[in-house]
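Counting begins at 1 with the first residue of the sequence. Worth saying up front: this structure is predicted, and the values here are computed from it rather than measured. Values below: all heavy atoms of this structure, side chains included; hydrogens, waters and symmetry mates excluded.
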Amino acid sequence: MKQTILLFPGQGSQLPGMGRDVAEAMPDAMALWKRAEHISGLPLREIFWDGDEQAMSDTRALQPALTVMNLSLWNALAGRVHPCGTAGHSLGEFCSLAAASVLSPDTVLELTALRGRLMAEADPEGKGAMAAILKLDQSAVEALVDEASASTGELLRIANYNTPGQFVVSGIKAAVAEAGRLAKERKGRAVELKVSGAFHSPMMAEANRELAPLLRKAVWNRPKFPVYCNAHGLALSDGESIREAVLVQMTSSVQWIDTLRHQYTDGARHWLEIGPKAVLGKMVGQCLSGLADPDTFSVSLVHDAASAFAFTE
């Protein structure tokens, strides 16, 4: 049996109707949606099952709803997967904490509902922006970030190290726009992201401070299997260390390339993405390029009730 890693996606993986089939097949999943609605104070099923696209993009609703979706799929696997570790991309990291029993599902729903609200309110003047930079390597993106920041005098950083050919920059709009211009000038591509602020940057510092008391108050258990944390991409096996990594997650870069490479080096050979659509699974081969022969690993997706109930490890 191949060593399996669970991957939980974050914002950008949402789909209209997501989770409805699982909830209608599993009473526990429906109860989880209702619990998330109670905690968030939002009609999450109405928003996502009726396909209100504008409301779906609001991070206040998106974060608890996607968390419910991912956790419902994990629960539907019902002990048929025996992972050697887990990781979640940005918001998805909180699903990893629940899957590994570091935090209770209720605590994760409370944290993601508050996180969504705080991130939505973090930039009321709309000063921040994010953009994906494609077709340039890491050193080229680091250079253009430094140049764009210096020329505009504004904050800019790499927020997501997604793959060796995909990075996300985050900061003040003028600096993000200049980074996009420089990327195109250097034969790369820039895609503006539809987000409400400069996530994973110092512009989230106030939101991070407001979330911290709830993080510190939570009961952090020893994980059932290692959790690879966004802040550094390393496997952690005790609750206190995981808590410290999550405490800086909102203002730290997502080190996804390092995360996947560390997983392979640690023995992982199968990645199982648990979420509404294939996002993270596509990144595995790109991140392992030059490190692993494609014939030595595999990737699977559980995205709905049918795939969850049919899955065998």
Check residues 131-142 and write down every donor-acceptor pair under 3.5 Å in which the side-chain atom is one partner and the other belongs to a residue at least two apart or another chain.
residue : atom : partner : partner atom : Å
Asp137  : OD1  : Ser139  : N            : 3.4
Asp137  : OD1  : Ser139  : OG           : 3.0
Asp137  : OD1  : Ala140  : N            : 2.9
Gln138  : NE2  : Glu142  : OE2          : 3.0

Q. Considering only heavy atoms from C-beta outward, does the side chain of Trp271 approach that of Leu288 to under 4.5 Å?
A. yes

- Query: With no hydrogens and no angle check, do the side chains of Glu154 and Ser149 hold a donor and an acceptor under 3.5 Å apart?
  - Reply: no

Answer with yes or no whether the side chains of Arg269 and Gln3 bring together a donor and an acceptor at under 3.5 Å.
-> no

Would you give me the side-chain donor-acceptor pairs under 3.5 Å for residues 170-181, sequence neighbours excluded?
residue : atom : partner : partner atom : Å
Ser170  : OG   : Ala198  : O            : 3.4
Ser170  : OG   : Phe199  : N            : 3.4
Ser170  : OG   : Phe199  : O            : 2.8
Lys173  : NZ   : Gly126  : O            : 3.0
Glu178  : OE1  : Arg181  : NE           : 3.0
Glu178  : OE2  : Arg181  : NE           : 3.4
Glu178  : OE2  : Arg181  : NH2          : 2.8
Arg181  : NH1  : Glu185  : OE2          : 3.1

In terms of heavy-atom contacts, does CD of Glu244 have more than 12 from other residues, nucleotides or ligands at under 6.0 Å? yes

**Q.** Pair Ser90, His200: side-chain N/O donor-acceptor within cut-off below 3.5 Å
**A.** yes

query = Can Asn75 and Ser72 be counted as having a side-chain donor-acceptor contact under 3.5 angstrom?
reply = no

### Message
Surrounding NZ of Lys127 (heavy atoms of other residues, nucleotides or ligands, distance under 6.0 Å), is the total greater than 12?
### Response
no

Requested in this report: Answer yes or no: are there more than 12 heavy-atom neighbours, outside Arg189 itself, under 6.0 Å from its atom CZ?
Outcome: no

Please determine, by modelled atom types, if Thr4 and His82 share a side-chain donor-acceptor pair under 3.5 angstrom. no

For residues 16-26, please give each side-chain donor-acceptor pair under 3.5 Å, one per line with the distance, not counting sequence neighbours.
residue : atom : partner : partner atom : Å
Arg20   : NE   : Glu24   : OE2          : 3.1
Asp21   : OD2  : Ala305  : N            : 3.0

- Report yes or no: does Arg222 contribute a side-chain atom to a donor-acceptor pair with the main-chain N or O of Val102 at less than 3.5 Å? no

Query - Donor-acceptor pair between Gln255 and Thr259 side chains, under 3.5 angstrom - result: no

The residue among Pro83, Ser96, Pro226, Cys84 that forms side-chain contact (heavy atoms from CB on, under 4.5 Å) with Ile5 is Cys84

Original post:
Do we see a donor-acceptor contact under 3.5 Å between the side chains of Tyr228 and Asp258?
Top reply: no

- Query: Does the pair Glu313/Arg80 count as a salt bridge with the N-to-O cut at 4.0 Å?
  - Reply: no

inquiry  = Assess, by modelled atom type and distance only, whether the side chains of Thr296 and Tyr264 contain a donor and an acceptor separated by less than 3.5 Å.
reply    = yes

Does this structure show an ion pair linking Arg209 with Glu206, if we count only N-O contacts that are shorter than 4.0 Å? yes

